[in-house]
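Let me begin by presenting the structure, written as structure tokens, before commenting on it.
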Amino acid sequence: GKDKIIFDDEFKSKIGGILDEFQKKLFEKAKKNLDSRIYKVFSVEEFESKIQNGGFFLVPWKCDNQNEEEIKEKYKATIRCYPLIGQEEAIGKNCFYSGKPAEKMAIFARAF
């Protein structure tokens, strides 16, 4: 932004607002960047075609340790989290990997 000169007597009254605005802009930029890299995927074929390009993949998931290990070995991707928001998207969907009824939405990604 613009450079501003703040005198000592103004400093205490303005610094909080300046820092709040700076934090807000940083957060908005980071959120926009993250959101642009989350892809909804509903099949293993779609996952396989996109995972090489990186990003985060929101998928319907049937919790299964063996399938999770297979994905880790084959695609070098692991579950990063189960988002708190949007879990209702799993209802009526099949797991992108096993085809069994999904239990929740999960985010997979590769480590670099």
Side-chain angles (χ1 to χ4, degrees):
K2 293 183 178 181
D3 291 340
K4 295 180 182 180
I5 297 174
I6 299 176
F7 297 98
D8 286 341
D9 56 344
E10 294 179 273
F11 183 77
K12 288 182 184 177
S13 65
K14 294 196 177 204
I15 192 65
I18 292 169
L19 291 174
D20 287 345
E21 184 64 24
F22 182 70
Q23 175 65 28
K24 180 181 173 186
K25 286 180 181 179
L26 282 176
F27 177 79
E28 288 171 357
K29 183 177 178 183
K31 179 150 178 38
K32 184 177 178 182
N33 184 46
L34 175 63
D35 289 347
S36 74
R37 298 192 36 81
I38 297 175
Y39 308 101
K40 287 185 181 179
V41 173
F42 297 96
S43 71
V44 70
E45 294 81 14
E46 190 178 7
F47 179 80
E48 193 171 89
S49 72
K50 294 181 178 182
I51 191 71
Q52 299 300 326
N53 297 325
F56 298 91
F57 298 87
L58 180 63
V59 300
W61 178 243
K62 165 84 167 120
C63 297
D64 183 299
N65 290 337
Q66 182 178 347
N67 287 342
E68 192 172 345
E69 282 300 316
E70 287 176 16
I71 292 168
K72 184 177 180 180
E73 289 297 316
K74 187 171 183 178
Y75 304 107
K76 309 295 186 238
T78 57
I79 293 175
R80 300 302 175 176
C81 69
Y82 298 112
L84 297 175
I85 298 170
Q87 286 299 317
E88 66 279 355
E89 287 188 57
I91 298 170
K93 301 236 179 16
N94 290 329
C95 174
F96 87 104
Y97 191 75
S98 69
K100 295 178 181 176
E103 297 171 343
K104 55 181 69 181
M105 298 300 288
I107 292 181
F108 277 83
R110 296 176 90 185
F112 291 96

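Below, each value reflects all heavy atoms present in this structure, side chains not excepted, and no hydrogens, waters or symmetry copies.
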Open item on the list: Could you walk me through whether Phe96 and Phe108 satisfy the ring pair (Phe, Tyr, Trp, His ring centres under 6.0 Å) test, starting with their C-alpha distance in whole Å, then the side-chain angles of each, then the deciding distance to 0.1 Å, before giving a yes or no?
Closed with: CA-CA 11 Å; Phe96 87 104; Phe108 277 83; 5.7 Å; yes
- [ ] Taking atom NZ of Lys72 as the centre, report whether more than 12 heavy atoms of other residues, nucleotides or ligands fall under 6.0 Å from it.
- [x] no
TODO: Nearest 0.5 Å please: distance from the CD1 atom of Ile18 over to the OG atom of Ser13.
DONE: 9.0 Å
Open item on the list: Tell me whether Asp35 at atom CG has more than 12 heavy atoms from other residues, nucleotides or ligands lying less than 6.0 Å away.
Closed with: yes
Task: Any side-chain heavy-atom pair of Asp64 and Ser98 under 4.5 Å - done: no
TODO: Specify the closest pair of heavy atoms between Ser36 and Asn33, including all atoms of both residues, with the distance to one decimal.
DONE: OG-O, 2.8 Å
Task: Check: Gln87 side chain, Met105 main-chain N or O, donor-acceptor pair, under 3.5 Å - done: yes
Open item on the list: Would you call the rings of Tyr39 and Phe57 parallel, tilted or perpendicular, taking 30° and 60° as the class edges?
Closed with: tilted
Open item on the list: I'd like to know if the side chain of Glu46 reaches the main chain of Val41, judged simply by a donor and an acceptor atom lying under 3.5 Å from each other, with no hydrogens or angles considered.
Closed with: no
Task: Contact summary for Gly54 and Arg37, nearest pair of heavy atoms - done: C-NH2, 3.9 Å
Task: Nearest heavy-atom neighbours spanning Cys95 and Trp61 - done: SG-CE3, 3.7 Å
TODO: Flag yes if Ile71 and Ile107 sit in one hydrophobic cluster, no otherwise; membership is Ile, Leu, Val, Met, Phe, Trp, Tyr, and two members link when side-chain heavy atoms are under 4.5 Å apart.
DONE: no
Task: Lys29 side chain near Lys25 side chain, heavy-atom distance below 4.5 Å - done: no
Open item on the list: A quick test of your reading: do over 12 heavy atoms of other residues, nucleotides or ligands sit less than 6.0 Å from CG of Leu26?
Closed with: yes
Task: Straight-line distance of Phe47 CZ to Lys74 NZ, nearest 0.5 Å - done: 10.5 Å
TODO: Applying side-chain contact (heavy atoms from CB on, under 4.5 Å), run through Phe56 and Leu34 and close with a yes or a no.
DONE: CA-CA 8 Å; Phe56 298 91; Leu34 175 63; 3.8 Å; yes
TODO: Give a yes or no on this: more than 12 heavy atoms of other residues, nucleotides or ligands lie within 6.0 Å of atom CD of Gln66.
DONE: no
Open item on the list: As an exercise, state the distance from NZ of Lys104 to CD1 of Ile79, rounded to the nearest 0.5 Å.
Closed with: 8.5 Å
Open item on the list: Out of the candidates Glu70, Glu48, Arg110, only one should pair with Tyr75 under the side chain to side chain contact (heavy atoms under 4.5 Å, CB included) rule; please name it.
Closed with: Glu48
Open item on the list: If you compare all heavy atoms of Ala109 against all heavy atoms of Gly55, which two are closest, and at what distance to 0.1 Å?
Closed with: CB-O, 3.5 Å
Open item on the list: Contact between Thr78 and Arg80 at the side-chain level, heavy atoms closer than 4.5 Å - yes or no?
Closed with: yes
Task: Between CD on residue Glu28 and CD on residue Gln23, distance to nearest 0.5 Å - done: 10.5 Å
Task: Closest approach of Pro83 to Ala106 (non-hydrogen atoms, all atoms of both residues) - done: CD-CA, 4.3 Å
